[in-house]
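Structure first, commentary second.
These values consider heavy atoms only, across backbone and side chains, with no hydrogens, waters or symmetry-generated copies.
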Amino acid sequence: MNLEGKRLKSDNTRQARGREMSQHQFAQFCREQILRKFRPSRSDEVNVLGISLFGEIDANVQCIISEWLLSNENSESDGAALIDAVLLATRESRRRASSDRQLRNEKARLIKSHFRGPDTEDESFFFVFDAPYHIPGFPV
């Protein structure tokens, strides 16, 4: 398995503004940051893109990922697919599942039995917290 894991940072802004995922922006993200890292997989390989989202995995997100995965944008000039599967995970899953998988071809289906989705350890959350603290002798 050839795996590239990415956090879709623009999804934070999308979620905060209540917008749906943009097909154009997702395709641009893949062109600029993902596809150059892959070559078509051999018969004994599966190329997988793992994406961590900030927003929910709704029907719009699933449709955009699926359409991109099956499109010519995910192919070399000879039509050979570069990404065979996309795995999605999110912490924002109050109404929907916290993970999803999109599979392009039959060999990508082999990962189904190995992908169980995030567990409690994966769902831990770390963040930076700035707290002002005055140190005597230093100007504020």
Nearest 0.5 Å, what's the [atom1]-[atom2] distance between [X] and [Y]?
X	Y	atom1	atom2	result
Cys63	Asp58	SG	CG	10.0 Å
Ile64	Gln25	CD1	CD	9.5 Å
Gln102	Asp84	CD	CG	13.5 Å
Ser77	Asn72	OG	CG	11.0 Å
Glu56	Leu88	CD	CG	13.0 Å
Phe29	His24	CZ	NE2	14.0 Å

Same cluster or not: Leu3 versus Leu103, using hydrophobic residues (I, L, V, M, F, W, Y) connected whenever any side-chain heavy atoms lie under 4.5 Å apart?
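The answer is yes; both residues are in one hydrophobic cluster.
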Check your understanding: Any chance CZ of Arg7 has more than 12 other-residue heavy atoms, nucleotides or ligands included, within less than 6.0 Å?
Key -> no
Assess whether atom CZ of Arg19 is packed by more than 12 heavy atoms of other residues, nucleotides or ligands within 6.0 Å.
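Incorrect, the count does not exceed 12.
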Report yes if some heavy atom in the side chain of [X] is under 4.5 Å from a heavy atom in the side chain of [Y]; otherwise report no.
X	Y	answer
Val48	Asn2	no
Gln33	Lys6	yes
Glu4	Ile34	yes
Ile65	Phe26	yes
Gln62	Ile57	yes
Asn47	Ser41	yes
Glu45	Arg39	yes
Leu87	Ser99	no

Verdict with reasoning, Gln28 to Ser22, per side-chain contact (heavy atoms from CB on, under 4.5 Å): CA-CA 10 Å; Gln28 182 178 352; Ser22 161; over 6 Å; no
Nearest atoms (heavy-atom pairs only) where [X] meets [Y]:
X	Y	answer
Leu8	Met21	CD2-CE, 3.7 Å
Asn60	Glu20	ND2-CB, 3.3 Å
Ser71	Arg104	O-NH1, 3.7 Å
Pro40	Glu76	CG-OE1, 3.4 Å

Would you check, one step at a time, whether the test side-chain contact (heavy atoms from CB on, under 4.5 Å) holds for Leu35 with Ile83? CA-CA 8 Å; Leu35 294 179; Ile83 305 294; 4.0 Å; yes
Determine, step by step, whether Arg101 and Val86 satisfy the side-chain contact (heavy atoms from CB on, under 4.5 Å) criterion, reporting the C-alpha distance in whole Å, the side-chain angles of both residues, the deciding distance to 0.1 Å, and the verdict. CA-CA 6 Å; Arg101 62 181 175 261; Val86 177; over 6 Å; no
Using atom types as modelled and distance alone, determine if a side-chain donor or acceptor of Thr90 lies under 3.5 Å from a backbone N or O of Leu53.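 Answer holds: yes.
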**OP:** Please step through side-chain contact (heavy atoms from CB on, under 4.5 Å) for the pair Glu67 and Glu73, ending with a clear verdict.
**Re:** CA-CA 10 Å; Glu67 286 177 7; Glu73 289 195 58; over 6 Å; no
